[in-house]
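Everything on this sheet refers to the single structure shown next.
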Amino acid sequence: MAFPQPKPQAPQLPQHLLRTIDCKQGAVRAVRFNADGNYVLSCGSDKSLKLWSVNRGTFLKTYSGHGYEVLDADGSYDNSQLCSCSSDKTVILWDVATGQVTRKLRGHAGKVNCVQFNEEATVILSGSIDGRVRCWDTRSRKFEPIQILDEARDSISSIKVAQHELLTGSVDGRVRRYDLRMGQLHVDFISSPITCVCFSQDGQCTLSSSLDSSVRLFDKSTGEMLGEYTGHKMKGYKLDCCLSSKDTHVLSCSEDGHVYCWDLVEGSLSLKLPVGKGVVQSLSFHPTETCLLTAMEGRVQVWGTEPEEEKDDAMT
C-alpha cells in the first residue's frame, strides 16, 4: 500500500524579531553578514566599522581608520580579512584579529559607495561616485589598481562578484555584467537610477532595485525580464535588495519602515515586515539559513523564522 507523499512545506520567512543591536556608531549605513553567517558587520556614520556576534548580539571589535562615514564592508571567505569603503574616498583592508589597517587604498575621485572581495579574497573591487570600478590586488605592495572599469556614465552604487563575473549598478540606469574570463560586457538598461544589484544563488539570474520603486529580476544569459516586484517605496535613498538563501523570495528595503518580501515565481507579496518608523537603510540575508539583518537609524535587527524562546525549548 503506497502512502501519499507529504506535501512540501512552504518556505518559512524571517518574521520574528530575535534581537536588536544598538550599535552606538551614529546611523548604520550598511549591515552585512560575514561569509559563514556567524558574524555581523555594521558600517557607521561615526567613521567606524564594528563586528558583532549574530547569535548573542554581543560586540566583538571596532575598526577605526576612516576619516568619514563608512558606507559598505565585506568579509573574506576565511574570515581573516575585512574590506571597507567610505565617503573619505578610501578603501581599507583590515586584519580581523588585530583590528589593524593592512592597506589603505586611494585613487577614487569621490566617495566610495560599495566594496567587495572576489571569492579568493585576492582582489578587492570598489565602486565610487566617480563612475569608476577599481580592482585592487590584496597581495601586492603596489598602490595602483590592477584594473579600472570606466564604462559607467554616473556614480557606481552597487557591486557584486561571483566567480569570474562582476555585476555593477549605476545611477546612469544601467546594470553592467562583466565576464572577466571572456572579456565581455553585457548591459541592461533600466530608465531609473540603480540602487542595488545582486546575483541569484544559482547564478542564473540578476536582481536590481531602482529609484522608481521597482525590483526587477532578469535572466542572466538572455537579458529577459522574469519578474517585477513593486509596492515598496524607494524614491530618494540608496537601499538594498537581495534574494533569500534558497532563491525562493525577493526582499527589498523600503522608505516606509518595512522590508518587503515577494514570492520569486508568483511575484505576490509574501511578507511586509515592520521594522520601525524610519527608512530601512540596509539588509543582508544569511548565506545558508533563514535569517535576516536589517538596519534602521543606529540599530541593527536580527530576524528569524521563530521566536527565540521556542528555539530554546526545542533544544532542551
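Residue indices begin at 1 and follow the sequence shown.
- Across all their heavy atoms, S170 and S155 have their closest contact at OG-O, 3.0 Å.
- If you take CG on L41 and CH2 on W52, they are separated by 11.5 Å, rounding to the nearest 0.5 Å.
- With sequence neighbours excluded, the residues that form a ring pair (Phe, Tyr, Trp, His ring centres under 6.0 Å) with Y229 are W262.
- For residues 288-301, no residue pair satisfies the salt bridge (Lys or Arg N to Asp or Glu O under 4.0 Å) rule, not counting sequence neighbours.
- Open room surrounds NZ on K89; 12 or fewer heavy atoms of other groups in view lie less than 6.0 Å from it.
- Checking side-chain atoms of Q100 against main-chain N and O of D95 turns up no donor-acceptor pair under 3.5 Å.
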Legend entry - Test log, rule side-chain hydrogen bond (donor to acceptor under 3.5 Å, both in side chains), inputs S42 and Q25: CA-CA 9 Å; S42 60; Q25 54 183 151; 2.3 Å; yes
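- No donor-acceptor pair under 3.5 Å is formed between the side chain of K272 and the backbone N or O of G231.
- Side-chain heavy atoms closer than 4.5 Å link hydrophobic residues (I, L, V, M, F, W, Y) into clusters, and following such links, possibly through other members, connects F59 to I21.
- With sequence neighbours left out, the ring pair (Phe, Tyr, Trp, His ring centres under 6.0 Å) criterion links H258 to no other residue.
- Of the inter-residue distances, the one linking R132 atom CZ with E151 atom CD reads 9.5 Å to the nearest 0.5 angstrom.
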Legend entry - Step-by-step side chain to side chain contact (heavy atoms under 4.5 Å, CB included) determination, Y39 to L60: CA-CA 9 Å; Y39 301 100; L60 300 171; 3.5 Å; yes
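- For the ring-ring contact (aromatic ring centres under 6.0 Å, His included) condition, no pair includes a residue of residues 138-158, sequence neighbours left out.
- Put simply, the side chain of R174 never gets that close to the backbone of R153: no donor and acceptor are under 3.5 Å apart.
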Inset, instruction - Carefully, step by step, assess K50 and D46 under the rule salt bridge (charged side-chain N to carboxylate O under 4.0 Å, His left out). - result: CA-CA 11 Å; K50 289 189 177 181; D46 70 344; 5.3 Å; no
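- In this model, no donor atom of one side chain and acceptor atom of the other lie less than 3.5 Å apart for T195 and S157.
- With salt bridges taken as basic N to acidic carboxylate O contacts below 4.0 Å, one links R176 and D172.
- Side chain of S48 to backbone of T62: no donor-acceptor contact under 3.5 angstrom is found.
- Using a 4.0 Å cut-off between charged side-chain N and carboxylate O, D179 and R181 make no salt bridge.
- Proximity of S200 to L207: side-chain heavy atoms (C-beta onward) are nowhere separated by under 4.5 Å.
- Between E228 and S214, the closest heavy-atom pair is OE2-OG, 3.2 Å.
- A ring-ring contact (aromatic ring centres under 6.0 Å, His included) check over residues 265-293, counting only residues at least two apart or in different chains, returns the pairs F33-H286.
- Summarising the geometry of L226 relative to C205, their closest heavy-atom pair is CD1-SG, 3.8 Å, with the distance given to 0.1 Å.
- Between V250 and L264 the shortest side-chain heavy-atom distance falls below 4.5 Å.
- A donor-acceptor pair under 3.5 Å is absent between the side-chain atoms of D154 and the main chain of V171, judged by distance alone.
- A chain of hydrophobic side-chain contacts below 4.5 Å, direct or via other Ile, Leu, Val, Met, Phe, Trp or Tyr residues, connects L271 to L17.
- Rounded to the nearest 0.5 angstrom, N34 CG and Y77 OH are separated by 14.0 Å.
- Counting heavy atoms from C-beta outward, S45 and R29 have side chains that approach closer than 4.5 Å.
- Connectivity analysis of hydrophobic side chains (ILVMFWY, heavy atoms under 4.5 Å, direct or indirect) links F218 to L167, V175, I190, I194, V197, F199, M225.
- Residue V54 is grouped with residue V300 when hydrophobic side chains (ILVMFWY) are merged at heavy-atom distances under 4.5 angstrom, including chains of intermediate members.
- The ring-ring contact (aromatic ring centres under 6.0 Å, His included) analysis of residues 83-132, with sequence neighbours excluded, yields the pairs Y63-W94.
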Legend entry - From CA spacing to verdict: side chain to side chain contact (heavy atoms under 4.5 Å, CB included), V101, L93: CA-CA 6 Å; V101 174; L93 178 66; over 6 Å; no
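- L180 belongs to a hydrophobic cluster whose remaining members, ordered by chain and number, are V123, L125, V133, I146, L149, I156, I159, V161, L166, Y178, L185, V187; membership requires side-chain heavy atoms of ILVMFWY residues under 4.5 Å apart, directly or through intermediates.
- Side chain to side chain, S53 and N55 fail the donor-acceptor criterion of an N or O pair below 3.5 Å.
- Residue L13 holds its CG atom at 4.5 Å from SG of C261, rounded to the nearest 0.5 Å.
- At least one side-chain heavy atom of S209 sits less than 4.5 Å from a side-chain heavy atom of V215.
- Between atom CE of residue M296 and atom NZ of residue K277 there is a gap of 9.5 Å, rounded to the nearest 0.5 Å.
- You'll find the side chain of S126 stays beyond 4.5 Å of the side chain of L105, heavy atoms only.
- For residues 248-268, the set of pairs meeting the salt bridge (Lys or Arg N to Asp or Glu O under 4.0 Å) definition, not counting sequence neighbours, is empty.
- Remark: D74 CG to L82 CG distance equals 8.5 Å, nearest 0.5 Å.
- At distances below 3.5 Å, at least one donor-acceptor pair connects side-chain atoms of S86 with backbone N or O atoms of E69.
- Between V115 and I124 the shortest side-chain heavy-atom distance falls below 4.5 Å.
- Hydrophobic side-chain contacts under 4.5 Å tie Y68 to no other Ile, Leu, Val, Met, Phe, Trp or Tyr residue.
- With a 4.5 Å cut-off on side-chain heavy atoms, P14 and T290 count as touching.
- At distances below 3.5 Å, not a single donor-acceptor pair connects side-chain atoms of S254 with backbone N or O atoms of H232.
- Side-chain polar atoms of D219 and S221 form a donor-acceptor pair below 3.5 angstrom.
- Shown here for G67 and D88, the closest heavy-atom pair between the two residues is N-OD2, 2.7 Å.
- Residues L71 and L49 are members of separate hydrophobic clusters, defined by side-chain heavy-atom contacts under 4.5 angstrom among Ile, Leu, Val, Met, Phe, Trp and Tyr.
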Legend entry - E165 and K220: CA distance, side-chain angles, deciding distance, side chain to side chain contact (heavy atoms under 4.5 Å, CB included) verdict: CA-CA 11 Å; E165 290 186 312; K220 197 179 78 176; 2.7 Å; yes
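- Applying the salt bridge (Lys or Arg N to Asp or Glu O under 4.0 Å) test to residues at least two apart or on different chains, the pairs with a partner in residues 235-248 are R32-D240.
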Inset, instruction - Please step through side chain to side chain contact (heavy atoms under 4.5 Å, CB included) for the pair S282 and V28, ending with a clear verdict. - result: CA-CA 8 Å; S282 181; V28 176; over 6 Å; no
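- The shortest non-hydrogen separation linking K61 to A97 is CE-O, 3.2 Å.
- When all heavy atoms of D22 and G298 are compared, the closest pair comes out as OD1-O, 3.7 Å.
- The side-chain heavy atoms of I92 and H66, taken from C-beta on, include a pair separated by under 4.5 Å.
- In the hydrophobic clustering, where aliphatic and aromatic side chains (Ile, Leu, Val, Met, Phe, Trp, Tyr) are joined below 4.5 Å either directly or transitively, L239 groups with L211, M234, Y237, V279.
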